[in-house]
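Here's the structure, in structure tokens; my notes come after.
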Amino acid sequence: MVTIYCKNTQTYKEYPMGISLLDIYKDLQIDLPNQVLAARVNYKVESLNFRIYKPKNIEFIDVTCPSGNRVYLRSISMIMAKALSEIQPESHLRIEHPICQGYYCCINNRETKVSEEFIDQLRNKMQEIIAADMPIVSEEKQTMTVIEMFRQRGLMDKAILFETLGVPYVRYFRIGDYIDHYNGVLVPSTGYVPMFDLQSYKNGILLRVVDKKNPSKLADFIDEPKMFDIFDEFVRWNKLMELTNVGDFNKICRDHSVYDLIKVSEALHEKKIAQIADMIAQRQPESRFVMISGPSSSGKTTFSKRLSVQLMVAGIKPIVLSLDNYFVNRVDTPLDENGQWDFEALNALDLELLNEQLVRILNGEEVEVPYYDFTIGERRWRGEKVKLTPGSVLIMEGIHALNPDMCPSIPQSAMFKIYVSALTTISLDSHNWIPTADTRLLRRIVRDYKFRNYSARETIQRWPSVRRGEERWIFPYQENADVMFNSALLFELAVLRKHAEPILADVPQYCEEYTEAHRLLKFLKYFIPIHDHEIPATSLLREFLGGSSFR
């Protein structure tokens, strides 16, 4: 017998050794509002088929939990891939990136539009597979055996990935005679994930998924044409570089040509920033304010400095004004639903003062701007003045910079709006995309440890609050941008691995944050690590690694 502690019921109970999580769940008769998809066992996410042989702490999770949502997404992806293999065995599915609160998929190539008839056929086959409640089996075999299995089925992206991992055994999943690979656990059978939809989008298919906050319905479709275009541009560029998946990337790491890739990637960034500076120059003298926004750890600070350099090259003098200086005094800061200070709320800024000063600056007046002393949480004045002269622009960076409610007194034509985010465009393989939030979280973990004296546990603990703020105050306004800049670099996860692994390894195994630390450590193992000595001092990545030439 083994003793388990169930966090859902807050009770202890003994079970026969070797019992599955699914049998424990049925025995405890836990009344949860949503379908249970997996469980956290000693803070590691495990399938419901996982068997218990030692005393464990257990928590059953559903789609509203980030870990449970990943289980749902992997499972519905495999069902989609299996459905395609049955109706068009010669076709190839690629699940590329999140967009419009769903996931963009293409069949075979991005140039040929997928017909509505085919989408209906694929949807019907997926529904058949779900209705049949087919078992999803996890199997593990010697790596060379699995590589050959995938080669025989024409799934070369997975074969190449496994060839570069350097491990003796690998795990894969099977539904009937269809096999696939996923970076994490799946549900026990296809009937666990009945809710999804497919719809035509651009040339491909949008896989629509459940709303994490309200799992009884699908997430609302929100068209994001500008976001799609920036993803599309970089996916096509990756294809030209013959770097679509991590297996391709690992191969060039082994022959050391990765350092050429670093130079090309950095040059692409510089070219894009120069193009944005030229766009701003073309909008003069009308657009005097450059507004820069984006989610946490996107590299907005370094982007702003590099943009300033390119503006000077274009003959424009940049003047930087920090929106942080317009915070209200801490005692006046609005509170969130938990009674904590909500520094990310729009009303955490003194909008009246901000608008009054921006109008005066736009009119050519010299204005004394405030300074916010974060140590005491109060505004100070120290004689710092700002004035726009002919040939100058004001650069303002902050999470609300694209929110029209921040500067209602300023004409839209007077603002050039830029959205910056790390939009990861390389995938593990054709069915395993890399979430953009993972790249940003790893950047933040490294930066917080190096420069802010925060442990990985503390950063991971704060991350859900950061993400909620982004979803409320940043993402809804991203399409307001005049231009979007992708701050992700193809090589950065291989560089971040060497920095992040020892930091993540310090997260204790007995805490909530270990779930995320363990997941990220497993994820980083897919990348062959590379040294950062070839990364230039002006790189956006230097904002997180250190060694930046910007101050």
Exercise for the section: Show your working on side chain to side chain donor-acceptor pair (under 3.5 Å) between Thr244 and Asn238 and close with a plain yes or no. Expected result: CA-CA 6 Å; Thr244 304; Asn238 291 359; over 6 Å; no
Problem - Among Arg70, Arg467, Lys522, salt bridge (Lys or Arg N to Asp or Glu O under 4.0 Å) partner for Glu516 - result: Arg70
Exercise for the section: Tell me, please, whether Tyr103 has Arg208 positioned over its six-membered ring: NZ or CZ under 6.0 Å from the ring centre and within 45 degrees of its axis? Expected result: no
Practice task
Kindly say whether Cys65 contributes a backbone atom to a donor-acceptor pair with the side chain of Asn69 at under 3.5 angstrom?
Solution key: no
Problem - Considering all heavy atoms, the nearest Lys56-Lys54 contact - result: CG-O, 3.1 Å
Handout entry: Pair Asp248 + Lys251, salt bridge at N-O below 4.0 Å
Key = no
Exercise for the section: Would you check if the distance from the ring center of His533 to the ring center of Tyr259 is below 6.0 Å? Expected result: yes
Problem - Donor-acceptor contact below 3.5 Å, side chain Asn486 vs main chain Leu423 - result: yes
Handout entry: Residues Arg171 and Glu140 bridged, charged N to O under 4.0 Å
Key = no
Handout entry: Side-chain heavy-atom pair Leu504, Leu442 within 4.5 angstrom cut-off
Key = yes
Practice task
Mark yes when over 12 heavy atoms from residues, nucleotides or ligands other than Glu242 sit less than 6.0 Å from its CD; otherwise mark no.
Solution key: no
Practice task
Could you go through the side chain to side chain donor-acceptor pair (under 3.5 Å) check for His97 and Thr425 one step at a time?
Solution key: CA-CA 7 Å; His97 52 78; Thr425 52; over 6 Å; no
Practice task
With side chain to side chain contact (heavy atoms under 4.5 Å, CB included) as the test, would you mind laying out the steps for Leu198 and Leu122 before giving the verdict?
Solution key: CA-CA 8 Å; Leu198 304 178; Leu122 185 61; 3.8 Å; yes
Problem - Salt bridge present between Arg174 and Asp180 (N-O < 4.0 angstrom) - result: no
Problem - Ring center gap for His181 and Phe150 short of 6.0 angstrom - result: no
Exercise for the section: Show the numbers, then the answer: is there a salt bridge (Lys or Arg N to Asp or Glu O under 4.0 Å) between Arg462 and Glu458? Expected result: CA-CA 6 Å; Arg462 290 181 175 91; Glu458 290 171 310; 5.0 Å; no
Problem - Between Arg444 and Ser296: side-chain donor-acceptor atoms closer than 3.5 Å - result: yes
Problem - Heavy-atom closest contact (Thr64 atom, Lys212 atom, distance) - result: CG2-O, 3.2 Å
Handout entry: Stepwise side chain to side chain contact (heavy atoms under 4.5 Å, CB included) test for Leu37 and Leu48
Key = CA-CA 7 Å; Leu37 302 178; Leu48 292 176; 5.9 Å; no
Problem - Heavy-atom pair of closest approach, residues Ala39 and Phe60 - result: CB-CD2, 3.8 Å
Problem - Residue pair Ile76 / Ile130, side-chain heavy-atom distance below 4.5 Å - result: yes
Practice task
Anything under 30° is parallel, anything over 60° is perpendicular, the rest tilted; go ahead and classify Tyr12 against Tyr5.
Solution key: tilted
Handout entry: Check against side chain to side chain donor-acceptor pair (under 3.5 Å), Tyr43 and Asn57
Key = CA-CA 8 Å; Tyr43 300 109; Asn57 294 333; 5.3 Å; no
Handout entry: Arg51 side chain to Ser20 side chain, donor-acceptor N/O pair below 3.5 angstrom
Key = no
Practice task
Classify the side-chain pair Asn432/Asp429 by whether it contains a donor and acceptor separated by less than 3.5 Å.
Solution key: yes
Practice task
Check whether any side-chain heavy atom of His499 sits under 4.5 Å from a side-chain heavy atom of Leu545, and report yes or no.
Solution key: yes
Problem - Trace of the salt bridge (Lys or Arg N to Asp or Glu O under 4.0 Å) decision for Glu513 with Arg457 - result: CA-CA 6 Å; Glu513 294 74 30; Arg457 181 181 182 182; 3.1 Å; yes
Practice task
State whether Arg440 and Glu470 are salt-bridged, where the test is any N-O pair (Lys NZ or Arg NE/NH1/NH2 against Asp/Glu carboxylate O) under 4.0 Å.
Solution key: yes
Problem - Flag side-chain contact, heavy atom, 4.5 Å: Tyr192 against Ser75 - result: no
Problem - Aromatic ring proximity Phe485/His269, centre distance under 6.0 Å - result: yes
Fill in the blank from the handout: Heavy atoms of Arg542 and Pro536 approach each other most closely as CG-O, 3.2 Å
Handout entry: Beyond-backbone contact of Trp237 with Ser265, side-chain heavy atoms, under 4.5 angstrom
Key = yes
Exercise for the section: Any chance you could lay out the salt bridge (Lys or Arg N to Asp or Glu O under 4.0 Å) test for Glu512 and Lys7, step after step, and finish with the verdict? Expected result: CA-CA 12 Å; Glu512 296 281 341; Lys7 185 176 179 181; 2.2 Å; yes
Handout entry: Asp62 backbone acceptor or donor facing Asn34 side chain under 3.5 Å
Key = no
Exercise for the section: Considering only NZ, NE, NH1 and NH2 on the basic side and carboxylate oxygens on the acidic side, decide whether Arg94 and Asp157 come within less than 4.0 Å. Expected result: no
Handout entry: Close side-chain approach of Phe196 to Tyr72, heavy-atom, < 4.5 Å
Key = yes
Problem - Any side-chain donor near an acceptor of the partner, Tyr172 and Glu139, under 3.5 Å - result: yes
Problem - Stepwise salt bridge (Lys or Arg N to Asp or Glu O under 4.0 Å) test for Glu471 and Arg468 - result: CA-CA 5 Å; Glu471 290 174 2; Arg468 285 193 297 272; over 6 Å; no
Exercise for the section: Could you pull out the closest heavy-atom pair between Thr143 and Val167, with the gap in Å? Expected result: OG1-O, 2.5 Å
Exercise for the section: Give a yes or no on whether the backbone of Gly294 and the side-chain of Lys300 come within a donor-acceptor separation of less than 3.5 Å. Expected result: yes
Practice task
Answer yes or no: is there an ion pair linking Glu492 with Arg497, defined by an N-O contact shorter than 4.0 Å?
Solution key: no
Exercise for the section: Test side chain to side chain contact (heavy atoms under 4.5 Å, CB included) on Leu186 and Met78 and set out the steps. Expected result: CA-CA 9 Å; Leu186 278 68; Met78 184 169 183; 3.6 Å; yes
Handout entry: Side-chain H-bond candidate by donor/acceptor type, Glu266 with Ser539, under 3.5 Å
Key = yes
Practice task
Please step through side chain to side chain contact (heavy atoms under 4.5 Å, CB included) for the pair Ile58 and Ile24, ending with a clear verdict.
Solution key: CA-CA 10 Å; Ile58 294 173; Ile24 293 174; 4.0 Å; yes
Handout entry: Tyr419 versus Pro295, closest heavy-atom pair with distance
Key = OH-CD, 3.4 Å
Exercise for the section: For the pair Ser298 and Arg443, evaluate side chain to side chain donor-acceptor pair (under 3.5 Å) and give the outcome as yes or no after the intermediate values. Expected result: CA-CA 9 Å; Ser298 294; Arg443 284 179 172 187; 5.6 Å; no
Practice task
Look at the side chain of Ser77 and the backbone N and O of Leu73, then say whether any donor-acceptor pair between them is shorter than 3.5 Å.
Solution key: yes
Problem - Check: Ile61 and Val36 side chains under 4.5 Å, non-hydrogen atoms - result: no
Exercise for the section: Please confirm whether the backbone N or O of Ser455 pairs with a side-chain atom of Thr459, one donor and one acceptor, at under 3.5 Å? Expected result: yes
Exercise for the section: May I ask you to test the Arg153-Tyr178 pair for a side-chain heavy-atom distance under 4.5 Å? Expected result: no
Handout entry: Heavy atoms from other residues, nucleotides or ligands near CD of Gln152 exceed 12 (cutoff 6.0 Å)
Key = yes
Exercise for the section: Measure centre to centre between the rings of Phe228 and Tyr201, then say whether the value is under 6.0 Å. Expected result: yes
Handout entry: Donor + acceptor pair across side chains of Ser427, Asn245 (<3.5 Å)
Key = no
